[in-house]
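Following: one structure in structure tokens, then a few remarks.
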Amino acid sequence: MPVAPSEPQALESAAGVWLLTSYRAGDNAQVLGLAEALDWRFEIKTLRFRKTEFITNRLLGSTLAGVIDEGSSALTPPWPDLVISAGRRNEPVARWIRDRARRASIPANTRLVHLGRPWADPRHFDLIVTTPQYQVPARANVLTIGAPLHRVTAAGLAAAGKKWAPALSALPRPWIAILVGGNSPPYVFDAAMARELALQANELARRRGASLLVTTSPRTRPEAAAALRDAIAKPAFFHDWTPDPDANPYLGLLALADAFIVTGESMSMAAEACSTGKPVHLFDMGWGWSAMRPPAHPGLAGSRGIGERLAPQRLKHWALAHLLPERVRRDVRVILRRLVEEGHAVWLGDPAPLSGRPAPDDMAVAVARVRALFASQRQL
């Protein structure tokens, strides 16, 4: 929640902090999580983009040319002290805001904090908070943390657990929550991959005598969700994602489940599950060169013919992973393997401890670096 204006602030303008949000739920969660942890007043600016935004954004750099006015928040003075963004589409907008603030009749020193991978040169930002999956060069304004920031807090989990406990109470324990993502090249989560996930999850539930609690996400395609629903063994709880936040049990499952299965393409869900300190099982969605596990532990997907079925897509995905400039590549395996090596997670199908080891919380480090941008500014 935004901080009440009466609370002490480290910012000078009436606008405070602007959060640029768009279509990626994981990016939005990181932006909101950092803003809430900063405990400064903020305003959410929701943006919608044209299909041509990639071209205009890459050509113009600092621009609103890719933004659709209808359905987007107004970007007008007073200009903010701080803009927090994530995702390629929001970068040119953040830079445009700072340019306008500098040219105002009373210039404002707007700082830009970008989360994740910047497509523009890092010098255009005051601070970049990134993770090892991106190959962002080491610079004074780059902070590399272990996993994506998130909004999961003890208070939030307690409230969500209280809300969702009655809906799950009839299911026998232990409860294993399955957090399902979707396509994220080179990884594809289609109906066949969903059935493979169900097969492995059912086996784990059988060995543990557990109930499965499944929730999909905005990226889960309907045909994959349907296949998963049909293949999941009973007893189970199954939630198809909807835009209604009140109907979303995600935080409730994080609070109440005894263990988790997470599709490996989602760094945000993996980080959130690992933050609970409960056992986390990572579902490997790759094979061959894209296997998420280290080479000594090849992915399981290809064993059921999935590799052959998706062969036409492999060349395109290989090109994206190997031929793009290093600064815009993404390799989620770096984070996944580190989570396993440090004991925060295991690969689905491997032996797992009955208790987990919580991953370090990088939020405090990120907050300190953002606050340092304003260290010399007068406190209100």
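Keep in mind that the numbers below use all heavy atoms, side chains included, and drop hydrogens, waters and symmetry copies. Just so it is clear, the structure is predicted and the values come from calculations on it, not from any experiment.
Within the structure, side-chain hydrogen bond (donor to acceptor under 3.5 Å, both in side chains) contacts touching residues 245-257 (residues at least two apart or in different chains) are Y250-E272.
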Margin query: side chain to side chain contact (heavy atoms under 4.5 Å, CB included), that's the test. Do T21 and L47 meet it? Break it down for me.
Written below: CA-CA 6 Å; T21 64; L47 303 173; over 6 Å; no
Item checked: side chain to side chain contact (heavy atoms under 4.5 Å, CB included) evaluation trace for V180 with L228 -> CA-CA 10 Å; V180 184; L228 184 61; 3.7 Å; yes
Margin query: With salt bridge (Lys or Arg N to Asp or Glu O under 4.0 Å) as the criterion, how do R195 and D230 come out once you've worked through the C-alpha distance, each side chain's angles and the decisive distance to 0.1 Å?
Written below: CA-CA 9 Å; R195 286 189 286 268; D230 291 342; over 6 Å; no
Next item on the list: Might you work through the side chain to side chain contact (heavy atoms under 4.5 Å, CB included) test for L38 and V370, ending with a clear yes or no?
Entry: CA-CA 8 Å; L38 281 167; V370 175; 3.8 Å; yes
Margin query: side chain to side chain contact (heavy atoms under 4.5 Å, CB included) for Y134 and V334? Distances and angles first, verdict last.
Written below: CA-CA 9 Å; Y134 305 119; V334 177; over 6 Å; no
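Taking a 6.0 Å sphere around CG of L60, one finds it holds more than 12 heavy atoms contributed by other residues, nucleotides or ligands. Around the CZ atom of R219, the shell of radius 6.0 Å holds more than 12 heavy atoms that belong to other residues, nucleotides or ligands. Other residues, nucleotides and ligands contribute only 12 or fewer heavy atoms inside 6.0 Å of the CZ atom of R338. The environment of NZ in K162 is sparse: at most 12 heavy-atom neighbours from other residues, nucleotides or ligands sit within 6.0 Å. With a 6.0 Å radius and a threshold of 12 heavy atoms from other residues, nucleotides or ligands, R221 has its CZ atom at or below the threshold.
Between the side chain of K45 and the main chain of L75, no donor-acceptor pair closer than 3.5 Å is present. A donor-acceptor pair under 3.5 Å links the side-chain atoms of T263 to the main chain of G181, judged by distance alone. Within the 3.5 Å criterion, the main-chain N or O of G146 finds no donor-acceptor partner in the side chain of T131. Using a distance-only test at 3.5 Å, with no hydrogens or angles considered, no donor-acceptor pair links the side chain of S184 to the main chain of E265. At distances below 3.5 Å, not a single donor-acceptor pair connects side-chain atoms of T220 with backbone N or O atoms of T216. At distances below 3.5 Å, not a single donor-acceptor pair connects side-chain atoms of D81 with backbone N or O atoms of T110. The backbone N or O of M292 lies less than 3.5 Å from a partner atom in the side chain of R337, making a donor-acceptor pair. In this structure, N141 contributes its side chain and P122 its backbone to a donor-acceptor pair below 3.5 Å. Without hydrogens or angle criteria, K278 side chain to A255 main chain gives a donor-acceptor distance under 3.5 Å. Here the side chain of R24 pairs no donor or acceptor atom with the backbone of G87 at under 3.5 angstrom.
Using a 4.0 Å cut-off between charged side-chain N and carboxylate O, R369 and D126 make no salt bridge. In this structure, R89 does not pair ionically with D27, as no charged nitrogen and carboxylate oxygen lie closer than 4.0 Å. By the 4.0 Å N-to-carboxylate-O rule, E203 lies close enough to R207 to be salt-bridged with it. For the pair R293 and D350, the salt-bridge criterion is met [side-chain N within less than 4.0 Å of a carboxylate O]. Ion pairing between D240 and R229 holds under the 4.0 Å rule for side-chain N and carboxylate O.
The cluster map of Ile, Leu, Val, Met, Phe, Trp and Tyr, joined by side-chain heavy atoms under 4.5 Å apart, puts L127 and V365 in the same cluster. L213 and M269 fall into different hydrophobic clusters, where Ile, Leu, Val, Met, Phe, Trp and Tyr residues are linked whenever their side-chain heavy atoms come under 4.5 Å apart, directly or through other members. Cluster membership check: V340 shares its hydrophobic cluster with L197, using side-chain heavy-atom separations under 4.5 Å among Ile, Leu, Val, Met, Phe, Trp and Tyr. Clustering ILVMFWY residues whenever any of their side-chain heavy atoms sit less than 4.5 angstrom apart, transitively, puts V346 in a cluster other than the one holding V332. Under the 4.5 Å side-chain heavy-atom criterion for ILVMFWY residues, a single connected hydrophobic cluster contains both M363 and V129.
To the nearest 0.5 Å, atom CG of residue L149 and atom CD of residue Q30 are 5.5 Å apart. Within the model, atoms CD of E91 and OG1 of T63 stand 13.5 Å from one another, a figure rounded to the nearest 0.5 Å. Separating the CG atom in D284 from the NE2 atom in H281 is a distance of 15.0 Å, to the nearest 0.5 Å. Going from atom CG of N183 over to atom CE of M285 covers 7.0 Å, rounded to the nearest 0.5 Å. In this structure, CD1 on I176 lies 12.5 Å from CG on L253, to the nearest 0.5 angstrom. To the nearest 0.5 Å, the span separating CG on D99 from CH2 on W79 amounts to 10.0 Å.
The nearest pair of heavy atoms linking L179 to F260 is CD1-CD2, 4.2 Å. Considering all non-hydrogen atoms of both residues, V152 and L251 come closest at CG2-CD2, 4.2 Å. In plain terms, the two heavy atoms of W175 and L256 that are nearest each other are CE3-O, 3.7 Å. Residues L171 and S211 share a closest heavy-atom pair of CB-OG, 3.8 Å. A270 and L339 get closest at one heavy-atom pair: CB-CD1, 4.2 Å. Here the shortest heavy-atom pairing between A94 and L112 reads O-CD2, 3.5 Å.
Of the candidates V83, L64, V67, W96 forms a side chain to side chain contact (heavy atoms under 4.5 Å, CB included) with just one, namely L64. When R333, M267, R117 are each tested for a side chain to side chain contact (heavy atoms under 4.5 Å, CB included) with Q133, only one passes: M267. In summary, of the residues considered (R88, R58, R48), a side chain to side chain donor-acceptor pair (under 3.5 Å) with E53 occurs for R88 alone. Applying side chain to side chain contact (heavy atoms under 4.5 Å, CB included) to I84 and the options L115, N90, L20 leaves one that passes, L115.
Qualifying side chain to side chain donor-acceptor pair (under 3.5 Å) partners for S266, counting only residues two or more places apart in sequence or in other chains: none.
Note on ring orientation: taking the six-membered ring where Trp is involved, the planes of F125 and H114 are tilted (angle from 30° to 60°).
In this structure, F374 has its ring center under 6.0 Å from that of W40.
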